[in-house]
Asker: 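Quick one: the structure is below, questions incoming.
This chain uses plain numbering: 1 for the first residue, then up along the sequence. None of these values were measured; they are calculated from a predicted model.
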Amino acid sequence: MDDVDTLTTNLPQITHITPEVEKQSNIAVRHANFQFPSHGNYANVDSVRALKLGQGRFYNNQDEMQRARVAVIGSEAKEKLFSGLNAIWGADSH
């Protein structure tokens with residue numbers, strides 16, 4: 001967070017910034033278990049990286065504040081973990 005503060009203080013032209021942490025994680029869904037890199041970002045990462053989703057929605061500030069159990073997964077993880085099944089869970093996933 002110190003880096004984010006330093007950058008935003010010294011470079012006023014930065015309009016979007018997010019800290020990031022990454023680690024290899026074992027991800028399991030039902031009987032599927034694979035290792036993928038997992039990234040932790042603020043909810044604004046979609047605008048920082050111009051990410052587009054194939055389906056579902058991106059997590060938002062409310063999810064972040066509530067520490068909601070939400071994830072955005074890539075196409076490789078979707079295929080390996082869900083094998084063609086619906087990867088979207090929950091009532092607020094439409």
Asker: If you look at every heavy atom in T18 and V48, which pair is closest and at what distance?
Answerer: CG2-CG2, 4.2 Å
Asker: What are the two closest heavy atoms between E22 and P37, and how far apart are they?
Answerer: OE2-CB, 3.3 Å
Asker: I'd like to check the side chain to side chain contact (heavy atoms under 4.5 Å, CB included) partners of N33; sequence neighbours left out, ordered by chain and number.
Answerer: N26, A28
Asker: For R57 and N60, which heavy atoms make the closest approach, and how far apart are they?
Answerer: NH1-ND2, 3.5 Å
Asker: To the nearest 0.5 angstrom, please state how far the CG atom of D5 sits from the OG1 atom of T8.
Answerer: 5.5 Å
Asker: Please check if V70 and L51 belong to a single hydrophobic cluster, counting links between Ile, Leu, Val, Met, Phe, Trp and Tyr side chain heavy atoms closer than 4.5 Å.
Answerer: yes
Asker: Roughly how far apart are E20 CD and D3 CG, rounded to 0.5 Å?
Answerer: 13.0 Å
Asker: Distance check, rounded to the nearest 0.5 Å: R49 atom CZ versus H16 atom NE2?
Answerer: 14.5 Å
Asker: Taking side chain to side chain contact (heavy atoms under 4.5 Å, CB included) as the test, write out the residues that go with R30, two or more places apart.
Answerer: F82, L85, W89
Asker: Assess the residue pair Y59 and D46 against the criterion (side chain to side chain contact (heavy atoms under 4.5 Å, CB included)); give the C-alpha distance rounded to whole Å, side-chain angles, the decisive distance to 0.1 Å, and a yes or no.
Answerer: CA-CA 9 Å; Y59 60 94; D46 63 325; over 6 Å; no
Asker: Under 4.5 Å between side-chain heavy atoms, hopping through other hydrophobics if needed: is there a path connecting Y42 to M65?
Answerer: no
Asker: In chain order, what residues pass the side-chain hydrogen bond (donor to acceptor under 3.5 Å, both in side chains) check against S25, with sequence neighbours excluded?
Answerer: S38
Asker: Just verifying a value: how many Å separate F36 CZ and I73 CD1, rounded to the nearest 0.5 Å?
Answerer: 8.0 Å
Asker: Does N86 CG have over 12 foreign heavy atoms under 6.0 Å away?
Answerer: yes
Asker: Just verifying a value: how many Å separate L11 CG and T6 OG1, rounded to the nearest 0.5 Å?
Answerer: 10.0 Å
Asker: Roughly how far, to the nearest 0.5 Å, is CD1 of I17 from CG of L7?
Answerer: 4.5 Å
